[in-house]
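These numbers come from a predicted model, not from an experiment. Every chain is numbered from 1, with letters handed out A, B, ... down the list of sequences.
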Amino acid sequence: MIFSQAKTSDHCQWIALVDVNNFYASCERVFRPDLENVPIVVLSNNDGCVIARSEEAKRLGYKMGDLFHVIKPKLRQTGTKVFSSNYALYGDMSDRVNEIYSRFTSGIEVYSIDESFLRFSGGGVVHNLATLTELGQSIRQTVGQYTGLPVCVGISTTKTLAKVANRIAKKNSHYDGVFVFEPDNKAQLQQISIDDVWGISRRLTPKLQALGIYSALDLASADPKRIRSGFNVVLERMVHELNGISCLAVEEVVPPRKSIIVSRGFGRYLSEFSLIQQAVAAHATRAGEKLRKQQLAANKLSISLRTSPHGKDQVYYKKSFGITFAEATSETALLIKAAEHCLRKVYRKGLLYQKVGVFLGGLVDAQGVQQSIFTQKDVTKSKALMRVLDDLNRSHGRDTVRFAASGIDEDWKMRQKMISPRYTTRWSDLPVVR
DNA sequence: TCTGGGGTCCTAGGACCC
DNA sequence: TCTGGGGTCCTAGGACCC
């Protein structure tokens, strides 16, 4: 493609979407240089199915969601390296990557574990195609140098177009990982299939196609008002965004969480109440830790319990039950107690359960908790206890000190047979050099 | 034996009020 | 036989994201 001249623009803001290619697989490879060019797949919790693949693994035909037990022989045959997912490692690598982005701009929204939006306002600097491409390459190069992770950069004037640009950068190797999408680039928009547009799901696709909307350009050309009345306000925004009119801001200030979920499948199906109770206590404990880490307190707690939706021997059972606290809390003991109460409401004897989750809602700032007239006790003591507990677990490792309710046998725990070491967060996991 | 986990936003509909 | 209308708040569930 030929750009006749570097075109200056009067847009005052540019947005970059930077994401790490094959993030989980790439994280595993960083610490295992011997796996260069070796196909890698990373499995979901419980080693159930494939959730990440290296380029080599994609070329071998492995798909997201492939069942591990089905593809196991082929994995061995093709010499594909398999990992259980290691979120301690991925989360830490994610933090490092974002730290590097912050050298380029302070306007960062961490959108997901492997994607961030970066905002570049003019600030006197007039960006053009050439300088923006250079900026993208510089980000790519710096991240690669300091973390060993490969990233792609898409740059445009709205988040949705930055997503489009990122996709183009990723799909076309000749752009060398960076693509700047100028808002009036109709030819490129035409190339993007409607189901590849951010926010357009599989369900929505056929409905749009029925209206003759097959490409991103078709959607961009649609009447926003008609889209709103025929669909919803979210899709209307997409139309504007595709036309370079920004409706979605880069959220640089992390908004406080509105809910916290801790939910996991069991390592095997369980029917015994006591084991499920232990899992619930452990999940409630984890939820409490998350809550306190963000200085929040929960007004509501609910749990959901279900059997396997794929089971052939019994009907699918799924039930949730929740309570509202008299006063917002972040105390593990109270969370466990409430969670167990809820569990009793949904547990039926004789079923084989697959998964249980604890959900905290109605989150508020822990400082400003509304005191209830019904609870008159000294909360200073229990707060101090929680702080000591959190400090110990932070410095000596998770679960150094914990509540007896979560059990010690952990019969309910998920399978992670092929997990890699927590290279970056645990000294004890580093290989010993002799 | 075996199918992830954690989030947000929007909408519809019910309860309730004046 | 007639059976308002409009507003708010809350909840459940759907849809979507990575």
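- Under a cutoff of 6.0 Å and an axis angle of 45°, A/Lys74 and A/Tyr62 form a cation-pi pair.
- The distance from atom CZ of A/Arg237 to atom P of B/dT8 is 16 Å, rounded to the nearest whole Å.
- Classified by interplanar angle (parallel below 30°, tilted 30° to 60°, perpendicular above 60°), the ring pair A/Tyr423/A/Phe31 is parallel.
- Straight-line distance from the CG atom of A/Asn45 to the P atom of B/dC2: 16 Å, rounded to whole Å.
- Under the 6.0 Å distance and 45° angle rule, A/Lys318 does not count as a cation-pi partner of A/Tyr316.
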Legend entry - Sequence-aligned protein contact record of nucleotides 10-18 of chain C, with B where the base is within under 4.0 Å of a protein heavy atom and S where only the sugar-phosphate is: -S---SSSS

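- In this structure, A/Phe120 has its ring center at least 6.0 angstrom away from the ring center of A/Phe104.
- Taken to the nearest 0.5 Å, the CD atom of A/Glu28 stands 4.5 Å off from the CZ atom of A/Phe83.
- By the 4.0 Å N-to-carboxylate-O rule, A/Arg119 lies too far from A/Glu109 to be salt-bridged with it.
- Judged by the 6.0 Å distance and 45° axis criteria, A/Arg103 is positioned over the aromatic ring of A/Tyr146.
- Atom P of C/dG4 sits at a distance of 16 Å from the matching atom of B/dG14, rounded to the whole Å.
- Look at CZ on A/Arg415: it is 6 Å from C1' on B/dC2, rounded to the nearest Å.
- In this structure, A/Arg32 does not pair ionically with A/Glu36, as no charged nitrogen and carboxylate oxygen lie closer than 4.0 Å.
- We find that CD of A/Gln416 is positioned 11 Å from C1' of B/dG4, with the value rounded to whole Å.
- Put simply, CG on A/Leu291 is 11 Å from P on B/dG7, counting in whole angstrom units.
- Rounded to a whole Å, the CD atom of A/Gln294 is 12 Å from the C1' atom of B/dG7.
- Interface residues of residues 255-264 of chain A facing DNA chain B, ordered by number: A/Arg257, A/Lys258, A/Ser259, A/Ile260, A/Ile261, A/Val262, A/Ser263, A/Arg264; criterion, heavy-atom separation under 4.0 Å.
- For A/Gln277 (side chain) and A/Leu343 (main-chain N/O), no donor-acceptor pair under 3.5 Å exists by modelled atom type.
- Contacts between residues 211-225 of chain A and DNA chain B, counted as heavy-atom distances below 4.0 Å, involve no residue at all.
- In this structure, A/Gly357 reaches neither bases nor backbone, as no heavy-atom distance under 4.0 Å exists between it and the strands shown.
- Put simply, the side chain of A/Asn46 never gets that close to the backbone of A/Gly48: no donor and acceptor are under 3.5 Å apart.
- Between the side chain of A/Asn166 and the main chain of A/Ala169, no donor-acceptor pair closer than 3.5 Å is present.
- For A/Ser215, the side-chain contact (heavy atoms from CB on, under 4.5 Å) partners are A/Gln190, A/Leu217, A/Asp218, not counting sequence neighbours.
- Note that the CD atom of A/Gln209 and the CD1 atom of A/Ile194 stand 8.5 Å from one another [nearest 0.5 Å].
- Taking atom CZ of residue A/Phe359 and atom C1' of nucleotide B/dT8, one finds them 11 Å apart after rounding to whole Å.
- Checked by atom type and distance alone, the side chain of A/Ser26 never pairs as donor or acceptor with a backbone atom of A/Leu149 at under 3.5 Å.
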Inset, instruction - Dot-bracket for DNA chain C, please, read 5' to 3', with Watson-Crick or G-U wobble pairs under 3.5 Å on both distances, ( ) within the strand, [ ] crossing, | other strand, . unpaired. - result: ....||||||||||||||

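- A/Tyr87 has its ring centre less than 6.0 Å from the ring centre of A/Tyr24.
- Each of A/Asn46 and A/Tyr269 lies near DNA chain B, and the nucleotide nearest A/Tyr269 is the one positioned closer to the 5' end.
- Annotation: A/Lys170, atom NZ; neighbour count of heavy atoms from other residues, nucleotides and ligands within 6.0 Å is above 12.
- Residues of residues 64-93 of chain A that place a heavy atom closer than 4.0 Å to DNA chain B, in numerical order, are A/Leu67, A/His69, A/Tyr87.
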